[in-house]
Enquirer: 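So that we are looking at the same thing, I have put the structure below in structure tokens.
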Amino acid sequence: MKITDAKVIICSPGRNFVTLKVFTDQGVYGLGDATLNGMEKAVATYLEDYCIPALIGRDPRNIEDIWNYFYRGVYWRRGAVSMTALSAIDIALWDIKGKMLNTPIYNLLGGRSREKVLVYAHANGRTIEETIEKTGKECAAGFKAIRIQCGVPGIDSVYGVPRDNKAYEPAKRGVAPEERWDTSKYLNFIPSVFEKIRDVYGDDLHLLHDVHHRCTPIEAARLAKELEPYHLFWLEDPVSGELQEGLRHIRQHSTTPIAIGEVFNSVYDYTTLITEQLIDYIRMPLVHGGGITHLLKVAAIASVYHINTGFHGATDLSPVNLAAALHFNTAINNFGIQEYMPHHEIVCEVFKTHYIFENGFMSIDNSPGTGVDIDEKAAARYPYVMARLPVNRKSDGTMFNW
Ligand code: KDG
Ligand code: MG
């Protein structure tokens, strides 16, 4: 069996997605997600100019070897752009394998470990009142776990909290906008949000919060400690995590569970965090972390240290990634939770999926491979739109040293 060709499809049904389609001489093709928010064209170029020429002619069944060829065989290893490209190749190859064997991917990963996959929703309010209201809407939709984000008095623009009450979308059209951030205002305010949410919704609802890396280790330790009474499911990305030892401060001061790594792309970003048990959840998603092949290894190492997965799953990761993640989450033992933000409805014109959300959980059917297909004609109706994630400065204009 041989790979005969591959192509990159960029489309923007509401937001940009990059999809890799790998063709074989058996008429079967595979799809991989290659979306890296704000850097879509860099991944597309890396795939088109560097990876696809080297992919053609290989046997798609040899996923482990192909993974190592594109990871270890490349002189300049790692990095978000090349690991996203490698992830897309890897997911497409697992899709092909599933289709060739006429079986869903979870079956290739050891079969079912669970009936359904716990997911969490987002409640992003500009004020505490709005956050309470949005939390109520997600509870009514059936979610058992909700990520709570809130505007902060005195800060004009809080990352991820839409000012216009629209759907979550941190990327803005055109060149990256610059925003101002004040960590002390944020730290003084956020515990009061969780106090109110617990008052209104009680103790059963799982609550999560994302710091988006906007603290130093000691600031994050203070936040984790002050949020302890509200029993969070997790505190996400409390620091950037590039300095893995920095997470020791948080652990020394608090029992709030920590999730980290939606911007990581290799097991080597995690080694100290896992082996010293400084975290509780792995955020690195399939689409940016080297695909199923690499995350299987990361999850296996994490499981030895009682650390679970909690993959990133915002709307800037395509339905191809979500489907692959659901297979992965269905199969592995140390699954924790999956982030789920439903895509804009026009995304369904382009991507045809086989997963459902019901009463706080998601499940995927027995369609072979990932179970996702792409309608290329529909994709062509939504051309690429330049959009970038914002840059943050302190209120006096200084760049942060997070
Ligand atoms: O592209 C950036 C988004 O994916 C990010 O802002 C979402 O932090 C995020 C999350 O946890 O979903
Ligand atoms: Mg996040």
Side-chain angles (χ1 to χ4, degrees), residues 12 14-18 33-43 80-81 83-84 87 119-124 134 138 143 145-151 157-163 166-173 176-177 179 181 186 190 206-215 220 223-224 232-242 256-265 269 279-289 309-322 325 336-344 347 362 385-392 402:
S12 195
R15 66 148 6 272
N16 293 320
F17 294 114
V18 182
D33 184 13
T35 311
L36 185 59
N37 199 359
M39 302 186 92
E40 295 86 356
K41 291 210 168 176
V43 183
V81 172
M83 290 305 285
T84 302
S87 304
V119 295
Y120 71 88
H122 284 216
N124 306 306
K134 293 198 168 179
E138 301 305 339
F143 283 96
I146 303 179
R147 189 190 90 159
I148 306 289
Q149 307 294 125
C150 187
S157 180
V158 172
Y159 180 89
V161 176
R163 272 190 284 189
K166 285 194 184 141
Y168 182 89
E169 179 51 77
K172 303 283 178 296
R173 288 186 172 209
E179 297 176 348
W181 177 251
Y186 166 74
I190 270 309
H206 294 307
L207 299 180
L208 302 82
H209 180 64
D210 192 346
V211 184
H212 294 295
H213 325 110
R214 278 159 171 66
C215 285
L223 180 62
L232 267 59
F233 185 96
W234 79 33
L235 185 65
E236 175 188 341
D237 288 341
V239 290
S240 71
E242 283 162 284
T256 295
I258 302 297
I260 200 162
E262 69 181 38
V263 300
F264 292 0
N265 49 63
D269 294 320
I279 58 168
D280 303 278
Y281 295 93
I282 301 283
R283 287 284 289 156
M284 185 169 80
L286 300 179
V287 58
H288 303 143
T309 62
F311 290 163
H312 184 206
T315 34
D316 49 278
L317 283 58
S318 96
V320 177
N321 172 75
L322 179 57
I337 199 167
Q338 169 68 49
E339 180 177 19
Y340 174 52
M341 292 164 88
H343 289 104
H344 193 290
V347 174
M362 289 190 81
V385 177
M386 178 179 167
R388 301 283 185 266
L389 290 166
V391 171
N392 267 264
W402 295 316

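Note that ligands are numbered from 1 as they come in the structure, with each ligand's atoms numbered from 1 the same way. Throughout, residue positions are numbered sequentially from 1 according to the sequence presented. Because the structure is predicted, anything quoted here is derived from the model rather than measured.
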Enquirer: Is the ring pair Tyr186/His209 parallel, tilted or perpendicular, if the boundaries are 30 and 60 degrees?
Expert: parallel
Enquirer: Provide the closest heavy-atom pair for Pro285 versus Leu317 in the form atom of the first, atom of the second, distance.
Expert: CB-CD2, 3.9 Å
Enquirer: Ignoring water, what protein N, O or S atoms are under 2.8 Å from the Mg ion (ligand 2)?
Expert: Asp210 OD2, Glu236 OE2, Glu262 OE1
Enquirer: Tell me the closest heavy-atom pair linking Thr35 and Ser318, and the distance in Å.
Expert: OG1-CB, 4.3 Å
Enquirer: Tabulated below should be the N or O atoms of ligand 1 paired with protein N or O atoms at under 3.5 Å; can you produce that?
Expert:
{"residue": "ligand 1", "atom": "1 (O)", "partner": "Asn37", "partner atom": "ND2", "Å": "2.8"}
{"residue": "ligand 1", "atom": "1 (O)", "partner": "Asp316", "partner atom": "OD1", "Å": "3.3"}
{"residue": "ligand 1", "atom": "1 (O)", "partner": "Asp316", "partner atom": "OD2", "Å": "3.0"}
{"residue": "ligand 1", "atom": "4 (O)", "partner": "His312", "partner atom": "NE2", "Å": "2.9"}
{"residue": "ligand 1", "atom": "4 (O)", "partner": "Asp316", "partner atom": "OD1", "Å": "2.7"}
{"residue": "ligand 1", "atom": "4 (O)", "partner": "Asp316", "partner atom": "OD2", "Å": "3.0"}
{"residue": "ligand 1", "atom": "6 (O)", "partner": "Tyr159", "partner atom": "OH", "Å": "2.6"}
{"residue": "ligand 1", "atom": "6 (O)", "partner": "Tyr168", "partner atom": "OH", "Å": "2.7"}
{"residue": "ligand 1", "atom": "8 (O)", "partner": "Asp210", "partner atom": "OD2", "Å": "3.0"}
{"residue": "ligand 1", "atom": "8 (O)", "partner": "His212", "partner atom": "ND1", "Å": "3.3"}
{"residue": "ligand 1", "atom": "8 (O)", "partner": "Glu262", "partner atom": "OE1", "Å": "3.0"}
{"residue": "ligand 1", "atom": "8 (O)", "partner": "Glu262", "partner atom": "OE2", "Å": "2.7"}
{"residue": "ligand 1", "atom": "11 (O)", "partner": "Arg147", "partner atom": "NH1", "Å": "3.1"}
{"residue": "ligand 1", "atom": "11 (O)", "partner": "Asp210", "partner atom": "OD2", "Å": "3.0"}
{"residue": "ligand 1", "atom": "11 (O)", "partner": "Glu236", "partner atom": "OE2", "Å": "2.9"}
{"residue": "ligand 1", "atom": "11 (O)", "partner": "Glu262", "partner atom": "OE1", "Å": "2.9"}
{"residue": "ligand 1", "atom": "11 (O)", "partner": "Arg283", "partner atom": "NH2", "Å": "2.9"}
{"residue": "ligand 1", "atom": "12 (O)", "partner": "Glu339", "partner atom": "OE1", "Å": "3.1"}
{"residue": "ligand 1", "atom": "12 (O)", "partner": "Glu339", "partner atom": "OE2", "Å": "2.4"}

Enquirer: Name the orientation class of the two ring planes belonging to His206 and Phe233 (parallel below 30°, tilted from 30 to 60°, perpendicular beyond 60°).
Expert: perpendicular
Enquirer: So which heavy atom on Tyr168 is nearest to which on Asn124, and how close?
Expert: CD1-ND2, 3.5 Å
Enquirer: With side-chain hydrogen bond (donor to acceptor under 3.5 Å, both in side chains) as the test, would you mind laying out the steps for Asp237 and His213 before giving the verdict?
Expert: CA-CA 5 Å; Asp237 288 341; His213 325 110; 3.2 Å; yes
Enquirer: On a heavy-atom basis, which atom in Val347 and which in Pro319 lie closest, and how many Å separate them?
Expert: CG1-CG, 3.7 Å
Enquirer: Taking the side chain from Glu236 and the backbone from Asp210, do they hold a donor-acceptor pair closer than 3.5 Å?
Expert: no
Enquirer: Looking at CH2 of Trp234 and OH of Tyr120, how far apart are the two atoms once the value is rounded to the nearest 0.5 Å?
Expert: 4.0 Å
